[in-house]
There are 2 protein chains.
Amino acid sequence: MTVVDNAVVEREPLKHVQVREYVRDLLGDSTPGTPAPSERELVQKFGVARMTVRQAMDALVAEGLLERIPGRGTFVAKPRNQVGRLLSYTAEMQRRGLLAESQTILARREQAGPGVARALDLTEGDAVIHWKRLRRADGSPMCVEDAYLNEVLLPGFLQSGMPTSLYHSLAMRGMRPTWAEDSVTADLPTHEEAQALEIAPGTPVLRVSRRAVAGDKVVEVSRSVYRADRFTLYVQLSDD
Amino acid sequence: MTVVDNAVVEREPLKHVQVREYVRDLLGDSTPGTPAPSERELVQKFGVARMTVRQAMDALVAEGLLERIPGRGTFVAKPRNQVGRLLSYTAEMQRRGLLAESQTILARREQAGPGVARALDLTEGDAVIHWKRLRRADGSPMCVEDAYLNEVLLPGFLQSGMPTSLYHSLAMRGMRPTWAEDSVTADLPTHEEAQALEIAPGTPVLRVSRRAVAGDKVVEVSRSVYRADRFTLYVQLSDD
DNA sequence: TAGTGGTCTAGACCACGAA
DNA sequence: TCGTGGTCTAGACCACTAA
């Protein structure tokens with residue numbers, strides 16, 4: 001079932017989409033507070049009804065790019081605090097002003113055991129990539145990450161993908177996680193973990209289990225052990 | 001600067017709000033998949049333009065109550081996974097199938113010290129409510145919570161608000177937190193904490209600091225210590 | 001006073017799904 | 001075929017802000 005010659009019908013974008021994308025391009029990287037064109041200006045410019053312009057602007061307001069102030073106008077909004085966004089280890093450390101490094105402890109193809117298979121939505125025995133790394137920040141150990149990847153989704157990953165960031169490699173394959181669930185608890189490290197993290201036994205650590213999803217496919221499950229003296233997790237909660 | 005007699009103008013709710021609340025009441029606790037009235041039905045019922053009805057429905061779709069299916073209709077949506085929502089301790093335990101109880105250790109009016117004042121957006125010496133509780137789940141200790149509340153926003157709180165849930169009491173005063181930031185780390189308990197939580201010294205705990213905001217006011221800052229053997233934190237991350 | 005966003009009307013045509 | 005939501009029009013009046 002391959003797409004052979006999906007006769008692409010060139011269709012005019014919907015008007016509210018045209019207006020929306022025009023405004024997005026216009027203000028894409030503007031400073032917060034920059035005024036957007038007024039709704040009536042856009043009505044003139046596109047020869048369109050005001051409700052149509054409002055539909056376009058509504059979308060941009062909903063996604064947080066714009067902010068309306070009655071009686072004054074519409075402006076580029078301050079980017080909201082984005083703690084709680086899905087970041088790679090590298091990006092996460094960058095956000096904290098630390099230099100991220102990784103050191104591979106183990107990287108090989110394996111057959112999924114029952115637990116990993118279930119977590120990755122596979123059947124036992126399917127091929128998975130097992131990748132274990134010691135992660136450093138500003139030179140000192142920060143965490144040990146033990147990850148399993150869905151090999152079916154990432155052919156040739158072990159050969160090509162190793163040197164760069166995991167999430168970057170996934171992005172290149174169109175498998176960048178869009179969504180993840182973490183569960184977090186406190187624990188004591190094993191002897192090996194304590195040694196790798198260069199901490200005394202009996203020093204508490206944070207254990208984070210992650211299940212990362214791209215589209216509707218589970219691409220990664222991992223267990224990480226963080227040095228609690230170096231790492232605090234930030235979470236944002238909203239009421240919805 | 002007290003509110004003396006804020007002449008309350010009884011004003012007719014906006015039409016799209018009337019429609020929205022009518023539909024919300026109608027479908028409040030319905031099973032996912034229950035059909036909502038069609039837009040044209042609501043136009044008839046309220047004698048209102050279709051754009052007005054759409055504005056009402058848009059809001060309910062945006063907040064996740066409804067789901068539109070073109071050509072079929074509008075239906076009650078499946079509640080999305082709501083890990084990562086802002087829940088009170090009571091609601092959080094309920095979600096986990098546990099019975100929440102609380103035992104007040106300390107509850108009094110104090111003057112804000114420098115740290116608490118800054119966290120609550122107050123000036124040092126302003127009145128705050130200091131409320132420390134041992135929280136249980138299914139009878140056994142789960143966490144010790146040490147909270148500071150902005151007294152200015154909660155007049156008479158100490159007299160009236162104590163017995164019930166904190167978030168419920170805040171809701172009754174229109175100060176239900178809409179937003180919060182948590183920071184989470186692993187640590188060892190103090191002797192007092194270990195005793196209160198009924199755990200051995202040297203058993204790791206989760207420390208959670210929270211800053212809870214209602215509208216644009218900080219209403220609560222707290223530090224909680226959770227038994228890590230009983231409590232795992234769940235976090236959802238999205239890419240945005 | 002002029003301009004802004006917020007609300008609202010009374011229509012219209014379209015694509016899609018179900019019967 | 002008929003009902004649904006999706007899009008769109010060409011106006012209108014309001015409350016608010018800034019000059």
Side-chain angles (χ1 to χ4, degrees), chain A residues 6-24 26-27 30 32-78, chain B residues 6-24 26-27 30 32-78 215-216:
Chain A
N6 219 341
V8 175
V9 181
E10 271 299 332
R11 71 179 70 222
E12 182 79 358
L14 299 174
K15 296 191 179 181
H16 76 265
V17 174
Q18 290 183 49
V19 176
R20 162 160 51 83
E21 296 311 315
Y22 168 79
V23 175
R24 196 205 303 282
L26 190 67
L27 302 174
S30 303
T34 306
S38 81
E39 296 179 355
R40 287 163 179 86
E41 268 180 76
L42 292 167
V43 166
Q44 286 295 320
K45 180 170 191 75
F46 286 89
V48 95
R50 185 155 161 241
M51 287 304 303
T52 306
V53 169
R54 282 186 65 77
Q55 189 176 1
M57 302 298 262
D58 280 345
L60 294 171
V61 169
E63 72 181 58
L65 175 62
L66 297 182
E67 176 185 21
R68 290 202 248 241
I69 305 180
R72 302 229 300 123
T74 304
F75 305 88
V76 175
K78 281 183 296 228
Chain B
N6 220 340
V8 176
V9 181
E10 271 300 333
R11 73 179 69 222
E12 182 77 359
L14 298 175
K15 295 191 179 181
H16 76 265
V17 174
Q18 289 182 50
V19 176
R20 162 159 53 81
E21 296 311 315
Y22 167 79
V23 174
R24 195 205 303 281
L26 191 66
L27 302 174
S30 303
T34 305
S38 81
E39 295 178 355
R40 287 163 179 85
E41 269 181 74
L42 292 167
V43 166
Q44 287 295 322
K45 180 171 189 75
F46 286 90
V48 96
R50 185 153 162 242
M51 288 304 303
T52 305
V53 169
R54 282 186 64 77
Q55 188 176 3
M57 301 299 261
D58 281 344
L60 295 172
V61 169
E63 72 181 57
L65 174 62
L66 297 182
E67 176 185 20
R68 290 202 248 240
I69 304 181
R72 302 230 299 123
T74 304
F75 305 87
V76 175
K78 281 184 296 235
D216 58 349

Return the minimal non-hydrogen interatomic distance between [X] and [Y], and the atom names on each side.
{"X": "B:E67", "Y": "B:V76", "value": "OE1-O, 4.4 Å"}
{"X": "B:V43", "Y": "B:R50", "value": "CG2-CA, 3.5 Å"}
{"X": "B:R20", "Y": "B:A59", "value": "CD-CB, 3.7 Å"}

Length of the line joining [X]:[atom1] and [N]:[atom2], which is rounded to integer Å:
{"X": "B:I69", "N": "D:dT4", "atom1": "CD1", "atom2": "C1'", "result": "11 Å"}
{"X": "A:R20", "N": "D:dG6", "atom1": "CZ", "atom2": "C1'", "result": "14 Å"}
{"X": "A:H16", "N": "C:dC14", "atom1": "NE2", "atom2": "C1'", "result": "14 Å"}
{"X": "B:F46", "N": "C:dA10", "atom1": "CZ", "atom2": "P", "result": "16 Å"}
{"X": "A:L42", "N": "C:dT4", "atom1": "CG", "atom2": "P", "result": "11 Å"}
{"X": "A:M57", "N": "C:dT4", "atom1": "CE", "atom2": "C1'", "result": "11 Å"}
{"X": "A:L66", "N": "C:dG6", "atom1": "CG", "atom2": "P", "result": "12 Å"}
{"X": "B:M51", "N": "C:dT9", "atom1": "CE", "atom2": "C1'", "result": "11 Å"}

Looking at [X], I'd like to know whether one of its side-chain N or O atoms comes within less than 4.0 Å of OP1 or OP2 on [N].
{"X": "B:R72", "N": "C:dC16", "result": "no"}
{"X": "A:T52", "N": "D:dT7", "result": "no"}
{"X": "A:R54", "N": "C:dG5", "result": "no"}

B:S38 side, atom OG; B:Q44 side, atom CD - distance, nearest 0.5 Å: 9.5 Å
No-H, no-angle donor-acceptor pair, B:R40 side chain to D:dG5 base, under 3.5 Å: yes
Nearest to the side chain of [X], heavy atoms from C-beta on, is which of [options]?
{"X": "B:R50", "options": "C:dT4, C:dA10, D:dG6", "result": "D:dG6"}
{"X": "A:L14", "options": "C:dT9, D:dC8, D:dG5", "result": "D:dC8"}
{"X": "A:S38", "options": "D:dG5, C:dG5, C:dT9", "result": "C:dG5"}
{"X": "B:P70", "options": "D:dG5, C:dT4, D:dT9", "result": "D:dG5"}

Atom CD of B:E21: over 12 foreign heavy atoms under 6.0 Å: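 Enclosed.
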